[in-house]
Structure formats: C-alpha cells, structure tokens
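Please read the structure below before turning to the comments.
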Amino acid sequence: MFDTMTLQVLANHARAAAENMAHTLHRTAHSAFVKETQDFTVMLMDKGGDTFAVPMDLGATWYPGLTYGRAIAMVDDYRPGDVAFTNDPYSGHVATHAPDTHLWKPVFAGGEIVAWTGGHIHNTDMGGAVPASLSRSLTEIHQEGIRFPPMKLVREGVFDETVMRIMQTNVRQPALNLGDIKALVGALTTGERKVHQMIARFGKRGFVQGVAALMDQAEAQARDILRAIPDGDYRFADYADEDSDQANPCRLNLVLKIRGDSAVLDFTGSDPQLASSLNVPSGGDPRHTMLLVGVYYVLYTLNPRILLNTGLTRPFTCIAPEGTVLNPVAPAAVGMRSLTCARLRSVIFGAFSQAIPERMPAAPAGNNCIVNVMTRDERTQRTVIAAVNPVVGGGGGMPWRDGTNGSGADAAYLKNTPIEITETEVPVEFVRYGLAQDSGGAGRWRGGLATEMAFRVFAPDTRITARNRDRSLFRPWGILGGKAAGLAEMIVNPGTPDERRTGSADTAILGPGDVLLVRSAGGGGRGDPMEREVWRVEQDVARGYVSAEAARRDYGVVVGDPQATAALRTRAVPPQGHFHFGPERDGYESRWTGAAYDALTAILAALPVHWRFFAKTEIFRRMDGSDPEAVRRAFDAVCARFPDLPRPALDEAAA
C-alpha cells in the first residue's frame, strides 16, 4: 500500500519519464508537423495497456485516457526489443485516422511484461486520394491512404525492412514518415529506460502496485468533482457545418446524466454515420478517449492537480449507437474525425455549462484548421508537401477573464511554425499572419480573437488541403448574456476582382501569384457586454481587437465620449437565455426544430446502416415544414420514390 507522499513521488517520476520521451521525439523528428506543430503523443502504460502517465509540456492533449489493450492483443509473442504499430482505425481502435501511426513497446522485468511505452505521430501524408490524405469529400477509408493492422515493426531491435518498403512505396514523402517513425522508436526506448529506473527504485512489485494506485487516485479525483456537480440530465446539441461536401449540417446530440459520483454521456440522437470522412471510429468503446476529450478538459479545469491517466475515465460511460457518426461501421471514412471531435467538445462544454454555469467558459472556436500545401519548389525542382501552420481560433470568455486570443481552449496544444521556417522549407510567401479584428464574441468577458493567415504561392497546380475547416455557418456560442463569435472563412485572392469565397470547402487549387486567406472562428463571449468596463473596451479598440463601430454596436461604448456611452448603455435591452447562438443557428432551428430533428433521427435509426445517410439527405431535400409531421411526409415521399427502402421495419419501430 502506497502512502500519499510515496505515490506522489512515483507520479512525478512517471510524468518526468513521459516528458523525457516527448523531448526525445521533439528533438529528433523530421517533419515540421511533428517537430514544430507538435501533433504527437507519448505515454507510459500499465501491463494491460492503460495509460498512466503523459507529458504536460509537449504534444497533443487528447490521449490521457487512451488504452492500447485491444491493439496489443492482436500481436503475438512479444520479445524484448520489439515494437509494434498500427495506423488502421478499425483494428483495435487505437489509431483514429490513417495519418496517426501508433507504436508501442513492451517493457520486460524478470522475464515478464510489466509496462508498455507508446505514442503516435501524425504523418504529413499516408498516400490516398489527396495530398496529406485527408479531406471531407472522401467517402470510404480505402481512399485515405495505406493502412497497417497491428503488427511488428521492429523485431528484437531490428526494423522489418519489408514493412518499411511497403510504406515507402505508398506515401508521398517517405523520408519524413520514416524519419518521424524512427524518432518515435527512440522516444519509446527512452521511456523503457526510465521505467527500468523506476523499477530499480520502487521494486518490480512496488512499481506495478504503484501504477495501479495512480489509476485509482485519478478515479477518486474525478468522482470527487462529479459529486460537487448537481445531479441532473443536461441536454445540448451542436452542429458541424456540413455532413459532406456542400451538403447538410451534421448534428451531435448529448444528454449528460450526472448521478452522484458517476456520469453517462448519451449521444443517442446524433446523426447517422456519414458518406464523408467526419465519422469518429470509437468502436462502441464506452470510454473511448475521443468521446471523452471534452471531459478531460472540464475535469482539469475544475481540478488542475488531477492525475491525467486512464483512471479518470472510470466514472464515465458513453453511449454511442452503432452506425452513427460517433460509432461508424467499416468502411466508413474517418480521416476528418478531428473536425467532429471539435464539435463533440463543444457539445460536452455546453452540457456542463448548464450544470455548473458559474465555472464554465463560453464556446471556444472549435475549428483547428491545419493547412497543408503540395507544390513544386522551383529552387530545387522538387515536389514539396508540408503542413504550413494550424489556424486555431480563440478561447471562450472565462468566468474571470477574456478568452485567449488565437489559441482556442480545445486545440491549444497545436503550436504555430515560425513563418521564417515555413518560407525556408516551402515555396510560399506569407502576406498576413495575426489576429482578426471583431472576431471574438462580445461579453463582460470577451471571447478570444480568431487567427487569420494569408500566403502567396508561386507554382501552377498548387494543391491546398485545409482540414478541419468548420464554423463557417454555425458560430461558437456565447453564454449568460455573452454573444456568439465571428465565423470562419477561406478566401482565394481576397480584395481583388478574382476573389473567391470557398464556403466550408477544405481543398483548393491555386496558380502562380494566387493568395489564400484562412481565418478561424473566434471564441464566444461570456456575460452581458454592457457590463464590461468602458476602459477595457477602449483598450480593445486601441489594440485593434475591436473596431470603434463594434464598440458602439456591441458594448454601447463611444470611445472618448462618456456621456454618449452612458446614454447608449441606459437604452440597452438586457440579454435573455443561457446561450446565444447567432442568427444562422436560430434561423436553421426555426425550421429544424428539436422535435423535428428527433423525429428524423428516430426514422433513421430504424433503417439499416447503409440506407441512413441517403435517407437523411433525401428527407432534407423534401422537408416542407418545421414539425415532426413534415418529417414524416418527407419520408413518405422518399419511400414512394425509392421503393427498395425498407419501410416495414421503420413502421414497426415507429409503432
């Protein structure tokens, strides 16, 4: 039995080991996306494959509750020096899209496995239909690049050259992929060495028992937080702009049920799996890390000392029905699952906002757009494919301060690459990189400003993929009187006669001299804007965060004129309601009411999986009202047009 002090010492050792792994990978990686943007993870796992330590200073923050157990079990006969890997989202449900290559290594002591080191790197490209492998428009996973089910990559310290050659043949930048993979193998070896040091200090038995105790402590901390939240059912829904290219919105629906020291996240009523790549491959795991990322953020906000390991997932159970966007059936495409995960976090934040409004912020931007360029470098006569920069929006207004500018709370781990480095490695010229004025939602505490980036290209047929583009239609919401934030945009040749707005499209083809502008959404505001101190508004205007026009319109402040300001604020109407969604969502929900959408999802759930997305699209085309009866009329028309649609099964379910 570990006393509190000894357990904390072990926790510190474990975190330090994870930090050392992260630094090893960070220093030796080849691609800018890993060494600069830091889209990678490393972790220590117990002998069952559950994570018990992650770094805090480097890498992605989505994975403290990840378990490798199912993937580990798919490989036989582990020996010292082995490293296994996978990037297949449907094999073990560790990887969640093909560019994320996960590796794990056994740590032996006394002839048996006592722990694992593991982690992932996001490869810039894994082959497939588009450069960088990811686009909303892809419809099946076979288009998203080569996939490897769990298998050995390194056998007793020696790389499997056959596997390496297969990867080299199928990806667009093999040197980057293999360089990053070898860097991750080095990080796993660093972690293995650190685990042996912990075993030397605590003993083999003490180490194993201590790791279990760390998990138990994280669970206890999470349950303490839940007990302090009022019991109840908290409902919230939010939308991704499109469920496929130039199509209909995608709804995520949640009922958060808190009872004592446990919680259920019921996602029933979310859209069916999509004929696009926005699906999240959870495999139905009730504690899959992708479904719980928003929960991790809430728990850590409420207790910054909470241990980040798989134990904190134990009080939570997720319900994600099979054949829905959060639990798709193969071969559904999943490459853009991070866009849906961003909206998933917004849904979780919205539910907790109702449970503990005094502790929760407004919505963050929720769109971590990552811009990739494939072009020809005339200086070297080579084709270049590279991640240029993440374009991340602002954080939501907090209970005690403004939202963070240009770094939304749910994607802040993505680091920007200095433009000097990008211009050295990629033949582009930056013409703008900064914060977007008037993009943060107005509030007593203003939402964080959006990021905007513009660059010029020089070669014909330059191909852009801007994955995770969203919030071009539905704004990040404000709370408690705060206003929704500004929308995201992507514009080709802004301010010229050739200007072209792309809507929610995430790909573009540019020619020599073309300029691409990408702007994220801002963060929502919190609290009545009329209660924001005048000096803060005037400071925002002086800094360029807020225009003089917006200061007058949104905050009732006429810069330099106290009397006019007082008059405007006296006439202001107090805001109503917990959320402010903006005119776009209000207009959409005036037609697709909650009752109408519930009727739609009930119909779709009764259909075979392969009919659901098709039926949704056809019902949307025929919808002529705003009530459940209009949905049923539309479905009747679909059945009349497509007699092979299995209507009898639906009638039985509806009855």
Side-chain angles (χ1 to χ4, degrees), residues 62 65 96 229 232-243 248-258 263-274 278-280 282 286-299 301 313 316-321 324-328 336-357 359-368 393 395-396 408-411 468 470-471 473-479 484-485 521 523-524 577-582 584-585 588-589 592 594 597-598 600-601:
W62 288 12
T96 50
I229 299 175
D233 292 357
Y234 304 99
R235 302 172 185 271
F236 194 72
D238 209 342
Y239 304 87
D241 289 348
E242 295 178 346
D243 58 13
N248 305 301
C250 172
R251 184 177 84 153
L252 298 183
N253 188 66
L254 170 64
V255 179
L256 171 65
K257 304 175 182 179
I258 297 179
V264 173
L265 289 83
D266 188 350
F267 295 105
T268 301
S270 297
D271 268 7
Q273 74 180 59
L274 310 176
L278 273 65
N279 301 292
V280 180
S282 68
R287 295 179 181 85
H288 195 282
T289 195
M290 282 295 185
L291 301 179
L292 290 173
V293 175
V295 170
Y296 304 154
Y297 289 178
V298 171
L299 295 176
T301 296
T313 70
F316 299 91
T317 301
C318 298
I319 299 173
T324 63
V325 65
L326 299 180
N327 183 13
M336 296 284 287
R337 52 79 174 131
S338 47
L339 187 157
T340 308
C341 287
R343 199 57 51 249
L344 180 60
R345 296 191 293 276
S346 300
V347 169
I348 291 172
F349 296 161
F352 274 100
S353 174
Q354 297 169 73
I356 44 173
R359 305 282 307 270
M360 290 294 294
N367 63 322
N368 52 336
D410 57 343
N468 301 334
D470 199 43
R471 292 302 199 191
L473 178 59
F474 296 107
R475 300 170 185 265
W477 33 267
I479 62 169
H578 185 88
F579 295 103
H580 178 259
F581 295 113
E584 298 84 3
R585 175 164 170 173
Y588 177 76
E589 290 187 333
W592 277 104
Y597 218 108
D598 288 346
L600 172 69
T601 54

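All values reported here derive from a predicted model rather than from experimental measurement. Note: hydrogens, waters and symmetry copies are ignored here, and every other heavy atom, side chains too, is used.
- Looking at Arg337 and Thr340, their side chains never bring a donor and an acceptor atom within 3.5 Å of each other.
- Nearest heavy atoms, Asp271 versus Cys250: OD2-CA, 3.4 Å.
- Residues Thr301 and Arg359 fail the side-chain proximity criterion, which asks for heavy atoms closer than 4.5 Å.
- Considering CG of Asn367 and CG of Asp470, their distance stands at 6.5 Å, rounded to 0.5 Å.
- The nearest pair of heavy atoms linking Trp62 to Val293 is O-CG2, 3.6 Å.
- The CG atom of Leu254 lies 10.5 Å from the CG atom of Leu291; values are rounded to the nearest 0.5 Å.
- Here the side chains of Phe581 and Tyr239 are not in contact, with every heavy-atom distance at 4.5 Å or above.
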Cys341 vs Met290, side chain to side chain contact (heavy atoms under 4.5 Å, CB included): CA-CA, chis, key distance, verdict:
CA-CA 7 Å; Cys341 287; Met290 282 295 185; 3.5 Å; yes
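- Across all non-hydrogen atoms, the minimal contact from Leu326 to Pro328 is C-CD, 3.8 Å.
- Tyr588 and Asn248 are not linked by any side-chain donor-acceptor pair at a separation below 3.5 angstrom, with hydrogens and angles left out of the test.
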As a quick check of understanding, evaluate side chain to side chain contact (heavy atoms under 4.5 Å, CB included) for Val280 and Thr96, giving each step before the final call.
CA-CA 7 Å; Val280 180; Thr96 50; over 6 Å; no
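- Of the inter-residue distances, the one linking Arg345 atom CZ with Tyr296 atom OH reads 12.0 Å to the nearest 0.5 angstrom.
- In terms of heavy-atom proximity, Leu339 sits nearest to Asn468 at N-OD1, 3.3 Å.
- When all heavy atoms of Leu299 and Phe316 are compared, the pair lying nearest together is CD1-CE1, 3.9 Å.
- Residues Ala521 and Ala365 come closest through the heavy atom pair O-CB, 3.3 Å.
- The structure places CG of Asp243 at 5.5 Å from CG of Leu274, a figure rounded to the nearest 0.5 Å.
- Counting only heavy atoms from C-beta outward, the side chains of Leu600 and Trp592 approach each other to under 4.5 Å.
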Before giving the answer on side chain to side chain contact (heavy atoms under 4.5 Å, CB included), spell out for Tyr297 and Ile348 the whole-Å C-alpha distance, their side-chain angles and the decisive distance to 0.1 Å.
CA-CA 10 Å; Tyr297 289 178; Ile348 291 172; over 6 Å; no
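- Phe236 carries Arg585 over the face of its six-membered ring, with the cationic atom under 6.0 Å from the centre and within 45° of the normal.
- Side chain of Asp238 to main chain of Leu344: no donor-acceptor pair is present (N/O by atom type, distance under 3.5 Å, no hydrogens or angles).
- With a 4.5 Å cut-off on side-chain heavy atoms, His580 and Ile479 do not count as touching.
- For Glu589 (side chain) and Gly594 (main-chain N/O), no donor-acceptor pair under 3.5 Å exists by modelled atom type.
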Arg343 vs Arg471, side chain to side chain contact (heavy atoms under 4.5 Å, CB included): CA-CA, chis, key distance, verdict:
CA-CA 9 Å; Arg343 199 57 51 249; Arg471 292 302 199 191; 3.4 Å; yes
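- Residues Thr324 and Asn327 form a side-chain contact, since some pair of their non-hydrogen atoms from C-beta on lies under 4.5 Å apart.
- With rounding to the nearest 0.5 angstrom, the CZ atom of Phe352 is 5.0 Å from the CG atom of Leu256.
- Summarising the geometry, atom OG1 belonging to Thr601 is positioned 5.5 Å from atom CZ belonging to Arg251; distances are rounded to the nearest 0.5 Å.
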